[in-house]
Undergrad: 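Starting off with a structure, shown below.
Count residues from 1 along the sequence.
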Amino acid sequence: MTPLSLRTLTEWTHGRLLNATGDETVTGVCTDSRKVRRGDLFVALKGERSDGHRFVADAMNQGAKAAMVNRPMDLALPQLVVADTLRALGDLAAHYLHHLRSPIANRPSPIAVVVTGSSGKTTTKAMVGAVLQAVMPVVIAAESYNNEIGVPLTILQAEPQHRALVLEFAMRKKGDIAYLCRIAPPDVAVITNIGTAHIGLLGSKQAIAEAKAEILNWDGGQGMVDAERTFASVAVLPADDDFAEFLQGQAKGEVITFGFSPDADVRGLDCQVGWDGTLLTATDGDRVVKVPLPVLGEHNARNALAALAVAKALGIDWDIAAETLENFVPPKMRLQRQRLEPPGCWVINDAYNANPDSVKAALKVLKALKASRKVAVLGEMLELGEYHQQGHREVGEAVVETADLLMVVGEGARAIADGALAKGMPARHIVQFADADEAKGRWQALLKPGDLVLLKASRAVGLERLL
């Protein structure tokens with residue numbers, strides 16, 4: 001972050017200063033007192049479990065130059081008092097991005113490339129970030145920096161030399177993405193897909209599609225800086241999705257579609273999944289590239305197509321993009337292959353998160369790879385609401401087509417076993433554990449040398465603890 005005066009921050013956040021003249025400058029912003037660096041502005045956020053105001057003194061001792069607080073603190077520290085520190089953090093980031101984009105001689109305005117979707121958005125964001133980073137200075141959002149806290153903190157890492165911000169927008173309810181768009185208006189908006197993630201919070205896939213489509217068409221937002229900007233210049237959208245037509249209808253700017261559909265602007269011609277990764281052949285109608293991706297699965301090939309579509313939108317040479325994707329390093333616990341000794345088998349660790357669509361995609365990977373026996377270790381998928389039983393049963397039915405042995409972890413995942421039984425999997429091929437702790441003590445004894453094992457569940461299950 002470029003140094004900013006407290007006077008400027010006060011204007012941007014509509015706050016008031018205590019213990020300061022306004023000439024003091026801060027060189028960074030932090031919300032974790034343990035990570036404060038000298039010169040930072042510490043933002044005291046109040047959450048469900050903790051109140052950042054309790055740690056203002058710790059932040060001061062760590063070297064914080066000032067604190068943004070909801071209420072004055074009895075400390076000899078410059079304080080910026082605001083009505084709501086979370087909202088003020090968003091205002092601060094919005095103004096800062098606007099500041100970076102202001103007309104200054106010999107300094108191009110940084111673009112914002114934003115990725116959202118029901119699944120695959122973190123991997124797609126990482127792929128897009130890698131492609132852009134090959135040709136320009138870029139700030140790429142860290143894992144999980146995708147909400148009303150993480151997005152502002154990512155923006156505030158940018159400096160004048162950066163030409164792009166690659167952001168990820170998550171949401172749990174209607175309006176979340178629109179709020180983030182007001183902080184960081186996207187120049188290029190990417191939607192990976194519309195699936196069942198968070199369906200319990202929104203009620204239907206149509207509602208999910210409408211909430212995700214906020215990235216294409218949002219209102220200016222009271223109090224935000226770029227209120228005149230209400231839509232992305234380029235929308236990169238999935239051609240294969242059930243909601244493809246709906247999403248394209250919501251876009252006001254240029255649309256570039258991607259996928260394996262014959263109608264896709266950036267089209268996958270072939271996809272071969274093997275032990276070493278996924279070989280993708282793609283075209284935009286003018287050229288064809290072969291990309292040996294170091295990740296598994298057709299769904300990851302589709303994520304790569306989205307990255308190629310962004311490259312097309314920004315005029316990045318496809319040879320550079322393809323070479324970058326070939327050397328792409330995937331995020332942790334996303335179909336990561338590792339050896340388990342004993343008993344001498346391979347495990348595909350995809351335990352970062354799960355919903356019915358992503359589990360089915362992972363099961364396709366399991367099916368595509370050759371092994372003497374295939375084992376699916378699956379846990380509960382959360383936030384499905386009324387779709388909980390059906391979603392788990394559908395996954396169980398899909399297991400029958402892909403695995404020889406099913407291990408179900410947790411009472412909430414019992415419907416996976418029910419679905420597998422109903423589809424014809426013998427009961428002797430299904431093992432159920434009460435929770436991850438019980439599974440950890442017993443599951444390896446059920447494995448054999450040469451097995452290929454998939455681990456997949458929602459983040460809260462912590463299925464990676466089995467390893």
Side-chain angles (χ1 to χ4, degrees), residues 108 110-117 119-146 150-151 153-155 157-159 161-170 184 186-193 232 234 236-238 256 258-259 266 268 271 273 276-284 287-337 349-350 352-353:
I111 61 171
V113 181
V114 182
V115 180
T116 192
S119 57
K121 54 183 176 291
T122 299
T123 299
T124 302
K125 173 207 66 183
M127 288 180 169
V128 170
V131 169
L132 267 64
Q133 200 168 43
V135 297
M136 66 181 80
V138 179
V139 173
I140 305 170
E143 279 190 55
S144 78
Y145 271 49
N146 56 17
V151 170
L153 290 177
T154 302
I155 293 168
Q157 294 175 21
E159 296 185 357
Q161 72 269 22
H162 291 117
R163 299 279 64 81
L165 292 155
V166 180
L167 307 173
E168 177 185 341
F169 285 2
D187 297 287
V188 180
V190 183
I191 297 180
T192 59
N193 50 54
V234 181
V236 175
L237 303 175
I256 299 176
F258 67 91
V266 174
C271 175
V273 181
D276 295 326
T278 303
L279 180 60
L280 170 66
T281 305
T283 182
D284 65 350
R287 54 203 157 174
V288 176
V289 293
K290 287 185 179 292
V291 188
L293 299 166
V295 288
L296 299 170
E298 181 181 303
H299 61 296
N300 275 321
R302 192 171 279 105
N303 294 337
L305 290 172
L308 289 171
V310 172
K312 178 180 176 68
L314 298 179
I316 297 172
D317 187 282
W318 259 29
D319 290 334
I320 295 175
E323 182 179 353
T324 302
L325 291 172
E326 182 178 349
N327 297 301
F328 166 73
V329 179
K332 294 179 180 179
M333 291 194 292
R334 268 83 166 190
L335 291 173
Q336 283 189 313
R337 192 182 66 173
N349 182 0
D350 201 33
Y352 183 79
N353 215 338

Undergrad: Can you tell me if Trp318 uses its side chain to pair, donor with acceptor, with the backbone of Ala311 under 3.5 Å?
TA: no
Undergrad: Measure the spacing between CD of Gln157 and CG of Leu165 and express it to the nearest 0.5 Å.
TA: 9.5 Å
Undergrad: Let me know which of Lys121, Glu168, Lys125 forms a side-chain hydrogen bond (donor to acceptor under 3.5 Å, both in side chains) with Asn146.
TA: Glu168
Undergrad: Looking at Ser119, is its backbone amide N or carbonyl O close enough to the side chain of Asn193 to form a donor-acceptor pair, meaning the two atoms are under 3.5 Å apart?
TA: yes
Undergrad: Are the side chain of Arg163 and the backbone of Gln161 linked by a donor-acceptor contact shorter than 3.5 Å?
TA: yes
Undergrad: Could you tell me whether a side-chain N or O of Thr278 sits under 3.5 Å from a main-chain N or O of Val295, the two making a donor and an acceptor?
TA: yes
Undergrad: Between NE2 of His299 and OG1 of Thr192, what distance do you get to the nearest 0.5 Å?
TA: 11.0 Å
Undergrad: Please examine the side chains of Val266 and Val236, heavy atoms only from C-beta on, and report whether any two atoms are closer than 4.5 Å.
TA: no
Undergrad: Is there side-chain contact between Phe258 and Leu308, with at least one heavy-atom pair below 4.5 Å?
TA: no
Undergrad: If every non-hydrogen atom of Ala306 is compared with every non-hydrogen atom of Thr124, which pair is closest and at what distance?
TA: CB-CG2, 3.9 Å
Undergrad: Among Val135, Val131, Leu325, whose side chain to side chain contact (heavy atoms under 4.5 Å, CB included) with Ile320 holds?
TA: Val135
Undergrad: Distance from Asp276 atom CG to Leu293 atom CG, nearest 0.5 Å?
TA: 12.5 Å
Undergrad: Below 4.5 Å, heavy atoms only, C-beta onward: do Pro331 and Thr123 meet side chain to side chain?
TA: yes
Undergrad: Under 3.5 Å, side chain of Asp187 to main-chain N/O of Ala112, donor-acceptor pair present?
TA: yes
Undergrad: Where is the tightest heavy-atom contact between Thr324 and Ala134, given as atom of each residue plus distance?
TA: OG1-CB, 3.5 Å
Undergrad: Do Asn300 and Asn303 touch side chain to side chain, with heavy atoms closer than 4.5 Å?
TA: yes
Undergrad: Is any side-chain heavy atom of Val310 closer than 4.5 Å to one of Leu132?
TA: yes
Undergrad: Heavy atoms, side chains only, cut-off 4.5 Å: are His162 and Pro110 in contact?
TA: no
Undergrad: Just verifying a value: how many Å separate Ile155 CD1 and Leu167 CG, rounded to the nearest 0.5 Å?
TA: 5.5 Å
Undergrad: Check whether Asp319 reaches the backbone of Ala322 with its side chain - one donor and one acceptor, N or O, closer than 3.5 Å.
TA: no
Undergrad: Got a second to check how far Leu335's CG is from Asp350's CG, nearest 0.5 Å?
TA: 3.5 Å
Undergrad: How far apart are the closest heavy atoms of Tyr145 and Gly150, and which atoms are they?
TA: CD2-O, 3.5 Å
Undergrad: Could you tell me which residues satisfy salt bridge (charged side-chain N to carboxylate O under 4.0 Å, His left out) with Glu143, sequence neighbours excluded, listed by chain and number?
TA: Arg334
